[in-house]
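Remember, it's a predicted structure, so these values are computed and weren't measured experimentally. Order of listing sets the numbers, starting from 1, for every ligand and every atom in it.
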Amino acid sequence: MSLQQLADLIFQDIDKTPEYYIQKYPKRSLKEGAKVTRYAPSPTGFQHIGGVFAALVSERIATQSGGIFFLRIEDTDQKREVEGAIEDTIRTMNDFGMTFNEGMTGQNASIGEYGPYRQSEREMIYKTFAKDLILKGLAYPCFCTPEELEEMREKQTAEKLTPGCYGEYAIYRNISPEEALAKIQKGESYIIRLKSPGNPETRVQFNDLIKGETSFPENNQDIVLIKGDGLPTYHFAHAIDDALMGTTHVIRGEEWLSSLPIHVQLFDILGFERPEYAHIPTVMKLEGASKRKLSKRKDPESAVSYYKEEGYPKASVVEYLLNIINSTYEEWRTENPSADYHDFPVALDKMSKSGALFDIIKLNDVSKHVISKMKAEEVYDLYTAWAKEYDKEMYALVTENEEMAKQIFNIDKDGPKPRKDYGKWSEVREKICYFFAPLFKVETKEQAELPKNMSLEDAKSIIEAYAKVYRYDTDQETWFEELKALAIELGYAADRKAFKKTPEAFKGMVSDVAGAVRAALTYRANTPDLFTIMHIIGEEEVRARFAAFVE
Ligand code: GLU
């Protein structure tokens, strides 16, 4: 009885050797320095902002080096699979400006020479390598029942030992091929475990591209390679896939850092060259004074869908994520205000080692800046696309008054400091609703924000007088001169200086008169330039609002 017979019995359907696959997937011929990275989600259907963050780091590292960025679907835990999740992942990443050079392109489609790119379709490959490890005495079938595992754990806890299946505690590690064969023939169920050659007394040195130098004890756990359902564990699949797919840089969440001893051991045992690793910090948020992980359950902003619903442009989210990826991004952006973000070189060694702090207020600031840089046409297009789904009333008003809407979105766009009115599309309504007669009518003049120390009655008499002299067709300068002349006539100071000198001589100053006009037309104290607003609203509507105000 030999290991060969045992391996043949366990893997009856496997007729290939590792060599076959190693030749089938030759080393990639890429230019010097080109990096191969991947995004490897489980198809659970939930798009976490942390996923976009991780994918963006991987994509930037690959693309900026002229390398390959591919999509691998890790569906070995089939209970978690959700229909449509693959398409959804691809769409999400595309929306955030990332494209995959290789990998899954749909539920059942892929491109690239290193596939299949879906783990459930790679079963034969994993089994081929597992079979080879059995032949080499580096893996074995383990027949542990849940009770046996529990007993082992209790014993280890009582003796204050590291729990797990290893060394002398691994019951089936050293049974003979005959015994194993007999058990299999009797129909006992089993899984395949690694027969770990590691010694925890030995330390392994490792350089993580983000975390820096680390060292850890060699792995001595007989970890599971193939589960009862015939599919591999994450560890085994990771080693085989990333080796055969030619990944040069494994960029993944730091929750995997503690498994690194297992992974480097697997690469060594399988005879593969180890990739570089970069473990990226978990996306955290501040709660009170303490940081915690963004939670899928508690934090709506953990879901990618949140940004869509709130109306954050994708470009803003990407811009913001780059800010957390590298703290040097902000400075770069100041120096290169209109550069394409692709020109910024993302550097792994400049990433925060501890935690990526996610902050919606900061995102909003970044987004205001991004939107302020957009042309009015683009703002219009993005806003209407959002409103069509999330604010039907605004959608109708804006599209029925397309020209006017574009004029509104164009206010103070030119010049070195464009207006920063909105960070997300859901903020637009509040900022622009008064332009639209049907929405303006809903508000009442009692709510109007008047200049300090001005009563509604004062404001009414100003408007009454102003309506008589107001001329629509004039330039901004003349318009203001005429407003000023009226102000003086009504007993207001021509400017702040004059007012400051003898406040008791005046009712206020010209800005208060302008404030009354602003209030009559918008009910607001803070708006963009008044002259521009009047021109966008149009003469007829301006006069109608004056009339309604004094009524
Ligand atoms: N499927 C793993 C996860 O969802 C991927 C980790 C990796 O990138 O290797 O966390």
Side-chain angles (χ1 to χ4, degrees), residues 35-62 67-82 85-86 88-90 92-93 98 100-104 110 114-123 125-126 206 208-211 223-225 227 231-267 270 272 274-284 293-296 302-304 325 348 351 356:
K35 295 169 180 146
V36 180
T37 67
R38 78 292 191 285
Y39 180 49
S42 295
T44 60
F46 181 78
Q47 307 294 342
H48 194 290
I49 192 70
V52 178
F53 176 69
L56 188 59
V57 178
S58 295
E59 187 272 343
R60 291 286 76 226
I61 293 297
I68 300 284
F69 174 54
F70 69 87
L71 175 64
R72 179 172 69 228
I73 295 299
E74 308 216 319
D75 60 346
T76 56
D77 185 359
Q78 299 198 312
K79 291 190 293 293
R80 294 169 65 204
E81 176 140 9
V82 164
I86 300 179
D88 194 38
T89 299
I90 298 171
T92 303
M93 299 307 145
M98 293 173 253
F100 296 103
N101 308 107
E102 217 175 80
M104 298 301 289
S110 67
Y114 292 81
Y117 294 92
R118 180 206 264 275
Q119 288 182 331
S120 58
E121 289 170 19
R122 301 172 63 78
E123 203 175 325
I125 305 179
Y126 306 123
F206 205 83
D208 183 275
L209 296 177
I210 295 170
K211 308 267 173 189
I223 54 121
V224 180
L225 301 177
K227 302 176 289 176
L231 289 169
T233 52
Y234 169 79
H235 309 304
F236 197 45
H238 152 55
I240 292 174
D241 292 348
D242 283 315
L244 296 182
M245 294 178 181
T247 307
T248 62
H249 289 63
V250 172
I251 299 172
R252 61 183 179 187
E254 65 186 348
E255 67 274 20
W256 296 109
L257 188 62
S258 59
S259 311
L260 200 52
I262 297 172
H263 302 154
V264 299
Q265 183 182 49
L266 286 174
F267 271 84
L270 292 162
F272 296 139
R274 294 181 194 173
E276 299 273 11
Y277 284 93
H279 288 91
I280 52 182
T282 309
V283 177
M284 314 282 273
K293 230 168 116 174
L294 255 196
S295 135
K296 178 172 160 181
S302 67
V304 166
I325 289 173
L348 293 174
M351 269 186 97

Original post:
Do the side-chain N and O atoms of Y117 and E102 include a donor-acceptor pair separated by under 3.5 angstrom?
Top reply: yes
**OP:** Identify, for atom 1 (N) of ligand 1, the protein heavy atom at the shortest distance, and state residue, atom and that distance.
**Re:** E74 OE1, 2.6 Å
**OP:** Would you tell me whether E276 and T248 have side-chain atoms, one donor and one acceptor, within less than 3.5 Å of each other?
**Re:** no
Original post:
Which residue supplies the protein heavy atom nearest to atom 8 (O) of ligand 1, what is that atom called, and how far is it?
Top reply: R38 NH1, 2.8 Å
Original post:
Nearest protein heavy-atom contact for atom 10 (O) of ligand 1: which residue, which atom, what distance?
Top reply: W256 NE1, 3.4 Å
Original post:
Donor-acceptor pair, H48 side chain versus G50 backbone, under 3.5 Å?
Top reply: yes
Original post:
Contact between A40 and ligand 1, counting heavy atoms under 4.0 Å?
Top reply: yes
Original post:
How far is atom 9 (O) of ligand 1 from its nearest protein heavy atom, and which residue and atom is that?
Top reply: Y234 OH, 2.4 Å
Subject >> S58 (side chain) donor-acceptor with Y39 (main chain) under 3.5 angstrom >> reply: no
Subject >> Flag for D77-Y234: side-chain donor and acceptor within less than 3.5 Å >> reply: no
